[in-house]
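Here the structure is a predicted model, which means the values were calculated and not measured.
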Amino acid sequence: GLIVLLAIPTIAALAQSQGRFPEHWLPWAALIAAVYLFWVARQQHHERWDSLAARYRLELRASDLERERQELEGSHAGLTRLVAERNRELERTSQDYRQIFECAHDAIIVFRPDDERVLAVNRRACEVYGFSREEFLRISLADISEDVERGKRQIGDTLARGVYYNFESVQFRKDGSRMFLEINASAIEYEGRRAILSINRDVTERRRAEELRLAKEAAERAGRAKTQFLANMSHEIRTPMAGIVGLSDLLLQSGLDERQGDYARLIQSSAVSLLRVIDDILDFSKIEAGKLTLEEVAFDLQATLREVVELLRLAAAARGTSLELATGDALPTWVCGDPARLRQVLMNLVGNAVKFTEEGSVSVHAVTMGAGRVHIRVEDTGIGIPAESQGQLFEVFSQADDSTSRRFGGTGLGLAISRRIVEAMGGEIGFESAQGQGSTFWITVHLPPAEPPVTAEVPAGRPDRPYRVLTAEDNPINQLVITEQLKAMGYEVTAVSNGLEAVSALESAQGSSGSFDLVLMDCQMPHLDGYAATARIRQLPGAAGRVPVVALTAHVLREDLDKCLAQGMDDYITKPFREEVLRRKLERWLGGRQPQAGRPQVGRVGPPAVPVDLLADEVLDEEQLESLRGLGRESGPDFLCRLVEQFRSRPFLDELRDAVERDDRAALHCRAHGLKGSSAFLGARRLARLFAGLEGLSRDGTREECLRQIALIEAEHGRVLPRLAAALASPASP
């Protein structure tokens with residue numbers, strides 16, 4: 001068609017030249033041919049462009065595919081590296097977990113829940129149970145559990161909950177020993193199957209420690225119960241013993257014939273012997289409870305030795321035995337230590353020597369060994385000690401044989417107590433003995449030389465006319481004894497049976513001419529005991545609330561005596577007591593002259609207008625000191641050292657100043673009141689007056705006045721302490 005179309009103009013031109021076509025046909029034919037040619041050219045152009053575009057797109061696609069291929073290869077390489085890293089990380093994690101699994105401090109066991117067959121264990125499990133890994137993998141936990149049924153219930157609970165925390169189980173080691181385990185269990189998948197991971201902590205030692213702690217607490221409770229029991233028994237025994245001793249004293253003063261007098265003295269001697277047994281038991285209970293305290297005061301060593309020998313010389317003479325004392329030339333007179341405890345040890349050693357020696361001799365030798373050490377030896381020609389009994393001589397409740405206690409008496413506690421006292425003093429105790437040839441007991445203690453203190457002697461007077469004394473005592477025998485003793489001393493006595501009656505009697509007598517000058521208050525009474533009664537008395541207005549109250553107590557433990565003073569009592573007497581002790585105690589509080597109308601109560605004076613004249617009295621009341629020595633003999637050998645130890649403390653000065661700084665007048669009044677009573681009880685009359693002045697200033701004195709009074713108290717305390725320690729360490733007058 002293109003060829004024909006191209007030929008049309010030529011044919012048209014020939015035809016026209018021959019006149020066969022119209023005249024205007026040729027232009028049209030040429031136009032048609034041109035249009036056709038243009039269309040053909042345009043078509044070819046489009047076809048060629050489309051071809052170029054297609055090839056371009058193909059090249060672009062090929063480029064995209066190449067780029068995507070390269071990206072895919074890069075991603076593949078990255079994924080390959082990531083997989084490798086993850087694999088290495090998983091391997092490290094697996095190693096870490098395996099290391100943790102193996103190195104855990106607790107036993108870890110993986111087992112099947114249906115039959116409890118062990119699937120995996122760590123090293124600690126092998127150590128705890130004693131099985132090797134291979135042995136573990138061949139056993140079931142049911143084979144080594146004490147309570148299999150309980151274990152199955154715990155497995156069921158673990159599967160139901162997913163986890164089961166902190167339950168206890170008892171299992172057996174390979175050697176058959178029991179162990180307590182604290183277990184935390186979890187349900188897990190292990191190697192494609194259900195399993196339980198059990199972390200077992202061996203708490204056997206902790207359980208034992210807990211049992212030991214509970215046993216220790218039980219032992220401590222038993223110890224406290226024993227101490228309380230001993231204290232209660234002491235009280236229950238001392239209360240009737242007070243009646244026995246007091247009635248025997250009254251009998252001896254009632255004009256008995258010779259035989260009756262011998263009987264009364266035997267009753268009194270038996271009562272004193274029983275009290276020594278009680279004191280030994282209480283002493284030992286204090287030592288066992290770790291409450292043994294030692295003094296460090298200056299005392300006359302040679303006087304102490306002479307006192308012990310003189311006290312026992314009469315008993316030795318009654319057995320036909322001579323008792324002699326020999327001291328080395330270099331032995332110091334004044335030393336520093338605990339005189340009461342040393343005296344207690346010597347009384348026991350020398351007393352034993354006298355007791356086991358009949359018609360022989362006992363000698364006490366004391367020499368210095370230098371460096372402040374003193375060696376004391378007690379030799380006797382008595383029965384001696386069998387060799388088979390010597391190893392247990394210092395043990396508790398131990399004597400040479402059973403016949404010893406039957407023949408000579410005693411508790412077997414004396415030497416045990418002596419050994420503990422000597423050891424507490426940093427010394428040694430020992431003996432040498434042969435049966436039938438006598439014994440030698442010796443001690444070596446540290447007693448460095450000390451400077452002799454100076455003591456003052458103040459004569460004590462007697463009242464010119466009777467004072468009125470109220471005694472509150474529920475025991476009818478003791479009430480009778482105290483009443484008769486007081487009447488014999490010349491006092492007017494009113495006796496009541498309990499604390500309520502005592503308070504009522506004071507209230508009724510208040511403001512009358514027959515008001516009471518002193519109250520003797522038993523601590524243990526029905527309805528209202530002595531402590532509560534004293535508290536009510538201290539709340540009474542006027543002189544009735546300030547009357548001195550002296551406790552009568554059969555308790556001799558330090559905390560019991562401290563309680564008396566803490567409850568507002570001014571003093572105490574331990575039962576049973578001798579008439580002379582009661583006499584001196586009353587003279588101490590009531591003084592030696594007739595009470596006049598409007599006189600200030602002794603130990604209860606108000607605030608002075610000027611500072612107390614420190615020269616008005618001597619530092620210590622010698623009569624009171626003599627009373628304390630006698631009371632020490634009645635209440636136990638460590639009584640005086642406890643008093644000095646209690647008085648030695650200086651923190652009360654800081655407490656008084658602190659109360660003034662805080663303007664706590666109630667605390668200042670309470671503390672001054674208690675210290676006033678303690679000072680008066682120890683015979684420190686000037687110090688007691690200073691505390692009484694501070695007690696009055698606590699109500700309406702200025703801060704400066706209170707501080708000045710405390711400064712005077714501090715100075716006087718410094719003077720009293722060394723003199724008190726030395727005075728109480730010196731022997732009592734006959």
Item checked: Non-hydrogen side-chain atoms of D338 and V297 separated by less than 4.5 Å -> no

Next item on the list: Answer yes or no: is there an ion pair linking R213 with E217, defined by an N-O contact shorter than 4.0 Å?
Entry: yes

Item checked: Distance (rounded to the nearest 0.5 Å) between L520 CG and L470 CG -> 8.0 Å

Next item on the list: Please name all residues satisfying side chain to side chain contact (heavy atoms under 4.5 Å, CB included) with A533, sequence neighbours left out, ordered by chain then number.
Entry: V503, M521, L528

Note to self: Any non-hydrogen side-chain atom of Q485 less than 4.5 Å from a side-chain atom of R583?
What the structure shows: no

Margin query: Could you work out, with side chain to side chain donor-acceptor pair (under 3.5 Å) as the rule, every residue matching R657, not counting sequence neighbours?
Written below: E714

Notebook entry, point to check: With sequence neighbours left out, what residues match E310 under side chain to side chain contact (heavy atoms under 4.5 Å, CB included)?
Noted result: R313

Note to self: Please report the interatomic distance SG(C523) to CE(M569), rounded to the nearest 0.5 Å.
What the structure shows: 4.0 Å

Item checked: Point-to-point distance, once rounded to the nearest 0.5 Å, from CD of Q302 to CD of E307 -> 14.0 Å

Next item on the list: Take F299 and L342, measure what side-chain contact (heavy atoms from CB on, under 4.5 Å) needs, and give me the verdict at the end.
Entry: CA-CA 11 Å; F299 70 97; L342 178 64; 3.9 Å; yes

Next item on the list: Scan L590, V493, L586, L518 and name whichever one has a side chain to side chain contact (heavy atoms under 4.5 Å, CB included) with Y467.
Entry: L590

Notebook entry, point to check: At what distance, to the nearest 0.5 angstrom, does CD1 of I710 lie from CZ of F691?
Noted result: 9.0 Å

Note to self: Nearest 0.5 Å, please: how far is CZ in R343 from CE in M347?
What the structure shows: 9.0 Å

Note to self: Could you work out, with side chain to side chain donor-acceptor pair (under 3.5 Å) as the rule, every residue matching S418, not counting sequence neighbours?
What the structure shows: N348

Item checked: Student check: side-chain heavy atoms of Y491 and T471 closer than 4.5 Å -> no

Notebook entry, point to check: Stepwise, does the side-chain contact (heavy atoms from CB on, under 4.5 Å) test hold for Q524 with T553?
Noted result: CA-CA 8 Å; Q524 304 284 336; T553 176; over 6 Å; no

Checklist line | Side-chain (R665) to main-chain (L697) donor-acceptor, under 3.5 angstrom | finding: yes

Note to self: Can you tell me which residue among V549, D517, V550 is in a side chain to side chain contact (heavy atoms under 4.5 Å, CB included) with W589?
What the structure shows: V550

Next item on the list: Evaluate the side-chain proximity of L305 to L331: yes if any heavy-atom separation is below 4.5 Å, no if none is.
Entry: yes

Notebook entry, point to check: What is the distance from atom CD1 of I573 to atom SG of C564, rounded to the nearest 0.5 Å?
Noted result: 11.0 Å

Note to self: Any salt bridge linking K585 with D571? Criterion: basic side-chain nitrogen under 4.0 Å from a carboxylate oxygen.
What the structure shows: yes

Note to self: Do P332 and T368 have side chains that approach each other closer than 4.5 Å (heavy atoms only, starting at C-beta)?
What the structure shows: yes

Notebook entry, point to check: With sequence neighbours left out, what residues match S504 under side chain to side chain contact (heavy atoms under 4.5 Å, CB included)?
Noted result: S508

Notebook entry, point to check: Do we see a donor-acceptor contact under 3.5 Å between the side chains of Q344 and R341?
Noted result: yes

Item checked: Residues R536, D529; criterion salt bridge (Lys or Arg N to Asp or Glu O under 4.0 Å); working and verdict -> CA-CA 11 Å; R536 292 194 184 183; D529 64 24; over 6 Å; no

Next item on the list: Applying side chain to side chain contact (heavy atoms under 4.5 Å, CB included), name anything that partners E492, two or more places apart in sequence or on another chain.
Entry: P466, R468

